[in-house]
Q: 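Take a look at the following structure, please.
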There are 2 protein chains.
Amino acid sequence: MATGRTHRPATRSRGIPEATVARLPLYLRALTALSERSVPTVSSEELAAAAGVNSAKLRKDFSYLGSYGTRGVGYDVEYLVYQISRELGLTQDWPVVIVGIGNLGAALANYGGFASRGFRVAALIDADPAMAGKPVAGIPVQHSDDLEKIIEDNGVSIGVIATPAGAAQPVCDRLVAAGVTSILNFAPTVLSVPDGVDVRKVDLSIELQILAFHEQRKAGEEAAAGTDGGAPAVAARSESADKGPDGDVPAVMPA
Amino acid sequence: MATGRTHRPATRSRGIPEATVARLPLYLRALTALSERSVPTVSSEELAAAAGVNSAKLRKDFSYLGSYGTRGVGYDVEYLVYQISRELGLTQDWPVVIVGIGNLGAALANYGGFASRGFRVAALIDADPAMAGKPVAGIPVQHSDDLEKIIEDNGVSIGVIATPAGAAQPVCDRLVAAGVTSILNFAPTVLSVPDGVDVRKVDLSIELQILAFHEQRKAGEEAAAGTDGGAPAVAARSESADKGPDGDVPAVMPA
DNA sequence: CTGTGTGAAATTGTTCACAGCT
DNA sequence: AGCTGTGAACAATTTCACACAG
């Protein structure tokens, strides 16, 4: 598609499919690891294995970014790291606020991978006055009364909500009113936001329930098996049922 | 769809699409809330709004489970709660172990929604001997030396990995070897597992990176749009603009 | 020869729109 | 009359397989 001059205003990135966007961070992580080991180039096959996808998908994904590989050779690691970082907007620094400094909020504040790549915890906010001033991960917690001011002073456009479910929507409304346009929601609630605001959610119990579904099905199939010749303990069913949130984990189909 | 089979027996759940499975927990949550408010029935329109999807999708999703609604009326809340719970395997209790009791592990252990619905924290496991015996969320932490025994004694089939990245794969291997067949991975690593084992991942930095991508694009478009005054302040509150796959993913970082 | 880049096919998921119960 | 259940159209994503650049 790199060759196809799709009639489009001179704007930046062509429409990169959402599914591809969701995998770019995965590729980036794998590439960063290679970069740290000073590996100069990598093939789609190797990189795909490291990222846990298949190589065709990876090549297709990269084709949306442009032609960054060399036929017969592979991809230049450093160059790809840069291109993907740029595509993801990680060449700039994103100030982030975390609202709700309970167990989870504290865990997030302490999470290293946070700062490492393009994100900076600009502020921690909690509604509990007793928390105010207390440092978490080296950053003093601020009271939620000042939420709007904090957002504006720091030019924050990404907010992380780690409050109890009941507080999530009100907090979300205030964040959005103050100018936040991307929200990562850890509270088990559906947030409603105006158009133009992105929300992504991370929900432990949903993930567990999805696992339970598959777990249950495994148990059922196990019981149903038995007439078969061999006695292999584990799932032989070709229904490679492992899914990630978006992609799969390595799976080699015996064609 | 099977043309002649209008009356399919209840339990023969043929392949429910993965995207549908990923939404069932969402419906279940909305229904549980309705149930607590003693709402007897709900229409696809209302329930869809509560779950943040559109009604056609919801009806289609439910159609995979069977015909549980009443035309002209809607769905019986209690009945649907039961049917979805059963479909997700939540009518039984799943013992879960959490490995890695740092900030995040502790947050997970304390997370209420955990126990509430079909899941029971059977054990907390950490590699730090200093943690052993210390209670977290009322449960004493056990040393990882005993991991295999703990898994077997408790009949655990679902494991949660909240260790640092480096420890995740070895822990995963031990869990799998001990009989765990579903893993929820919070460590920023791609886990490789044998066939038949499900892995779902929850990854903060991936989610943030996806948000950054969209955030960057918004900034670019804003610049390109130039001529029309301020931000288009509001529009209809669309439900969470879920890009993920998710089914993504949605998902957490579906992802 | 090797491994990328990509049309085309296959699969999966979403939306439409309306027939058919209640 | 109202709302579910669902075929059929549509859209997105994944996989295949191979031309072709290096």
Side-chain angles (χ1 to χ4, degrees), chain A residues 1-4 6 14-24 27 41-49 52-76 79-80 238-241 243-255, chain B residues 1-8 14-24 27 41-49 52-76 79-80 83 239 242-251 254-255:
Chain A
M1 191 67 87
T3 47
T6 358
R14 335 262 134 236
I16 298 178
E18 192 52 35
T20 295
V21 172
R23 281 187 297 266
L24 292 181
Y27 302 144
T41 60
V42 65
S43 70
S44 64
E45 202 70 55
E46 295 166 321
L47 183 54
V53 303
N54 69 49
S55 63
K57 199 186 281 185
L58 177 143
R59 286 201 303 280
K60 183 63 110 179
D61 283 342
F62 285 0
S63 80
Y64 294 117
L65 308 185
S67 296
Y68 295 147
T70 308
R71 293 176 192 230
V73 178
Y75 300 92
D76 181 275
Y79 186 57
L80 244 196
S238 56
E239 215 69 22
S240 83
K243 334 298 264 204
D246 323 299
D248 319 21
V249 193
V252 183
M253 276 288 276
Chain B
M1 192 122 298
T3 37
R5 281 304 239 272
T6 335
H7 284 287
R8 128 282 58 203
R14 275 287 147 221
I16 298 177
E18 192 53 33
T20 294
V21 171
R23 281 186 295 266
L24 292 180
Y27 302 143
T41 59
V42 66
S43 69
S44 63
E45 203 69 56
E46 295 166 322
L47 184 54
V53 303
N54 70 49
S55 62
K57 198 186 282 186
L58 178 143
R59 287 201 303 280
K60 181 64 105 178
D61 283 342
F62 285 0
S63 80
Y64 294 117
L65 308 185
S67 297
Y68 295 146
T70 306
R71 291 170 196 236
V73 177
Y75 301 90
D76 181 275
Y79 187 57
L80 244 196
Q83 291 301 341
E239 286 303 329
D242 226 309
K243 302 325 185 80
D246 64 70
D248 46 197
V249 107

Q: Could you work out which one of D:dG5, C:dT15, C:dG5 sits closest to the side chain of B:K57?
A: C:dT15

Q: Please round to the nearest 0.5 Å and tell me the distance separating atom OG of B:S43 and atom CG of B:L58.
A: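 If we round to the nearest 0.5 Å, B:S43:OG and B:L58:CG are 9.0 Å apart.
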
Q: Got a sec, which residues hit side-chain hydrogen bond (donor to acceptor under 3.5 Å, both in side chains) with A:T41, two or more places apart in sequence or on another chain?
A: none

Q: For B:L65 and D:dT4, give me the distance from atom CG to atom C1', rounded to whole Å.
A: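 Whole-Å distance recorded here is 14 Å.
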
Q: Counting any heavy atom closer than 4.0 Å, what does B:Y75 reach on the DNA or RNA strands: base, sugar-phosphate only, or nothing?
A: sugar-phosphate

Q: Side chain of A:K60, heavy atoms from C-beta onward: which of D:dG5, C:dT4, C:dG7 has the nearest atom to it?
A: C:dG7

Q: For C:dT12, does either OP1 or OP2 sit under 4.0 Å from a side-chain N or O belonging to B:Y64?
A: no

Q: Taking CD from B:E45 and C1' from D:dG5, how many angstroms apart are they, rounded to a whole number?
A: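 In whole Å, D:dG5 C1' lies 15 Å from B:E45 CD.
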
Q: How close or far is atom P of D:dA12 from atom CD1 of A:I16, stated in whole angstroms?
A: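 Rounded to whole Å, this separation is 15 Å.
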
Q: Hey, does the side chain of B:N54 come within less than 4.0 Å of C:dT14's phosphate (OP1/OP2), counting only N and O?
A: no

Q: Among C:dG5, C:dT14, D:dG5, find the nucleotide with the atom closest to the side chain of B:S63.
A: D:dG5

Q: Atom CD of B:E46 and atom C1' of D:dG2: how far apart are they, to the nearest Å?
A: 12 Å

Q: Let's see if you can work this out: which of C:dT14, D:dT4, C:dT4 has an atom nearest to the side-chain heavy atoms of B:S44?
A: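 Shortest atom-to-atom distance from the side chain points to D:dT4.
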
Q: Got A:L80 and A:F62 here, is their nearest side-chain heavy-atom distance under 4.5 Å?
A: yes

Q: Would you kindly give the CG-to-P distance between A:L80 and C:dT4, to the nearest whole Å?
A: 11 Å

Q: Do B:Q83 and B:L65 come close enough that some side-chain heavy atom pair is under 4.5 Å?
A: no

Q: Give every residue pair that meets the salt bridge (charged side-chain N to carboxylate O under 4.0 Å, His left out) criterion with at least one member in residues 63-72 of chain B, sequence neighbours excluded.
A: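 Listed once each, the pairs would be none.
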
Q: Using OP1 and OP2 only, check whether a side-chain N or O of A:R59 sits under 4.0 Å from C:dG7.
A: no

Q: Send over the distance from B:L47 CG to D:dC3 C1', rounded to a whole Å.
A: 14 Å

Q: Could I get a table of every N or O pair under 3.5 Å where one atom is in the protein and the other is in nucleotides 19-22 of chain C?
A:
| residue | atom | partner | partner atom | Å |
| --- | --- | --- | --- | --- |
| C:dG20 | N3 | B:R71 | NH1 | 3.3 |
| C:dT22 | O4' | B:R71 | O | 3.3 |

Q: Less than 4.5 Å apart, any side-chain heavy atom of A:E46 and any of A:Y75?
A: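 Not touching, per the 4.5 Å side-chain cut-off.
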
Q: What's the CG-C1' distance between A:L58 and D:dT15, to the nearest Å?
A: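 After rounding, the gap between these two atoms is 14 Å.
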
Q: Tell me the interatomic distance from A:D61, atom CG, to D:dA12, atom P, rounded to whole angstroms.
A: 16 Å

